[in-house]
Number of protein chains: 2
Amino acid sequence: MTIRKSVSSASVVTYLRNCIKKGDLNPDDKLPSEREISERLKTTRVTTREGLKQLEAQGLIYRSNRRGWFVTPERINYDPSRAIYFMDYVSEQGQIPFSREILKRKIVADAFLAEAMKIDLGEPVVELHRLRGANNRPVYFERIYLREAILPGVFDKPLERSVSRVVRDEYQTDYDKVDLNIIVGSLDEYEAELLQAPAGYTSIEIQRLSYDQDGHVIEFDVEHWRHDALQLKVNLSAH
Amino acid sequence: MTIRKSVSSASVVTYLRNCIKKGDLNPDDKLPSEREISERLKTTRVTTREGLKQLEAQGLIYRSNRRGWFVTPERINYDPSRAIYFMDYVSEQGQIPFSREILKRKIVADAFLAEAMKIDLGEPVVELHRLRGANNRPVYFERIYLREAILPGVFDKPLERSVSRVVRDEYQTDYDKVDLNIIVGSLDEYEAELLQAPAGYTSIEIQRLSYDQDGHVIEFDVEHWRHDALQLKVNLSAH
DNA sequence: TCACTCATCTGGTCTATACCAATATGAGAT
DNA sequence: ATCTCATATTGGTATAGACCAGATGAGTGA
């Protein structure tokens, strides 16, 4: 006989999932407090939290530091194979994008960058950090590294809106080849705070290495997306 | 003195991470039991488990149902833009691949399939489930749907090793275009059991829709990868 | 009106304990 | 040797209670 005693945290999951499916709870709505849910379902906070974390892992709900749990809004569709800018494809999907520059400075390549960008240790690089989101909700944090050798004076260009636009328009350089490296990981404290997520939150890390027509690396990006905010689409064609 | 008011589950994380980094623990080695770790670090099981779950989210360790926690072996590199088969690219990476057929049957397209494959409701389709892994460790579970209309008699072909090989060799049909859809989610009970993971385990879901030279959909796949077993690489070229 | 203060609410972390279910283990029977 | 079965071990789930830290909102005073 496989009569299993039902798992109690599962009832939290089904209860809340139904609320969401039925429409009692809509995107960005606040869930009842953990203590209230526990009382309503006659269980303890530990168990309730177990259920909430499962829904979080499924991307159905998210939490805002000590403010409560909320229903996750629609994901953003991102297609790295299309030549289109964040601000544009988010608008296209009916959401209001924002982009915030966190840091911009000149550095020299350390061991990690040299290896990743296939350049010499110590080569001058422009580093750019930025945070992007939709409808006031941050969705990804990005570190960008640009080679000054290939893009002289790039530090002083207006990079807020789109780096790739500047590269194309001001340097007449096309992105000829892009290597993507995608891995699931978790956010460190700094990234988590920017993305308004708890430390350790599951993220999708996308590394992008871009080459020009001559096969030179021009740009290296590392993006950390909230896992609940992204749906990746890639179109591949034989050639 | 290291009297820290910092979180105590973090000490579990750093302690074990150091063991792994130093090489005291190697891939597939078993960690001490939760009770033993708790005792050693003078904390409780709940806290220890909290730390273990964080390491699990980072992909550093995995658990085998009630047997214990283990160090995660190397990830598999998978490049969907390369025309190469699982059995081959896993071997290429120095691991021993396996592939197990779970199910094979003829069905007709339901609403979900019809929508996903852009075909009519009720069109005959061959469904194939299989589990694949490396070094005896399952890494992904896959559902494949093939159109009998385009590939007549495909049900009786030897599909164990590679579906795409059969399509190419026996039907002289090339995969001309592939649409990928990638999302992070979590495993349901059935998928989790096959992948030897706890229910709700974070997974990477890859949907692949393949077209032939004439623009017809020939195949639809849904893969569920253990998040700790996969590193995705995609090469994009302008054309 | 505006800025500040403080009680209150919320989630974040932790202790201590308990029982269950699947797995490993080792002693005894064959 | 091999099989069988009871037992110990391990993780999985849950209860009950506690304190902390950040966010909020109502009330207060300038």
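Order of the sequence lines sets the chain letters (A, B, ...), proteins ahead of strands, with each chain counted from 1.
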Round to a whole Å and report the spacing from [atom1] of [X] to [atom2] of [N].
X      : N      : atom1 : atom2 : value
A/E39  : D/dG17 : CD    : P     : 13 Å
B/K53  : D/dT13 : NZ    : P     : 8 Å
A/R45  : C/dT13 : CZ    : P     : 11 Å
A/E34  : D/dA21 : CD    : C1'   : 14 Å
B/E193 : C/dT23 : CD    : C1'   : 15 Å
B/I37  : D/dG11 : CD1   : C1'   : 12 Å
A/E36  : C/dT10 : CD    : P     : 8 Å
B/Y62  : D/dG11 : OH    : P     : 14 Å

Hey, does the side chain of [X] come within less than 4.0 Å of [N]'s phosphate (OP1/OP2), counting only N and O?
X     : N      : answer
B/R49 : D/dG11 : no
B/R35 : D/dT9  : no
A/S64 : D/dA23 : no
B/R63 : D/dG12 : yes
A/S33 : C/dT10 : yes
A/T43 : D/dT15 : yes
A/T47 : D/dT15 : yes

* To do: Indicate yes or no: does A/E92 engage A/R82 in a salt bridge with an N to O separation below 4.0 Å.
  => yes
* Structure fact -> Note: for A/E50 and B/R67 on DNA chain D, the residue whose nearest nucleotide lies more 5' is B/R67
* Whichever of A/V46 and A/L52 has its nearest DNA chain C nucleotide further upstream toward 5' -> A/L52
* Structure fact -> From the list B/E142, B/E101, B/E223, B/E160, side-chain hydrogen bond (donor to acceptor under 3.5 Å, both in side chains) partner of B/R130 resolves to B/E142
* Take A/Y15 and A/R40 through the test side chain to side chain donor-acceptor pair (under 3.5 Å) and record every step on the way to the result. => CA-CA 11 Å; A/Y15 170 69; A/R40 211 180 291 179; 2.7 Å; yes
* **Residues B/R165 and B/S162: side-chain donor-acceptor under 3.5 angstrom** => no
* B/Y140, B/F141, B/Y145 screened by ring-ring contact (aromatic ring centres under 6.0 Å, His included) with B/H129, the one that passes -> B/F141
* Structure fact -> Out of C/dG12, C/dA18, D/dT10, minimum distance to the side chain of A/R66 belongs to C/dG12
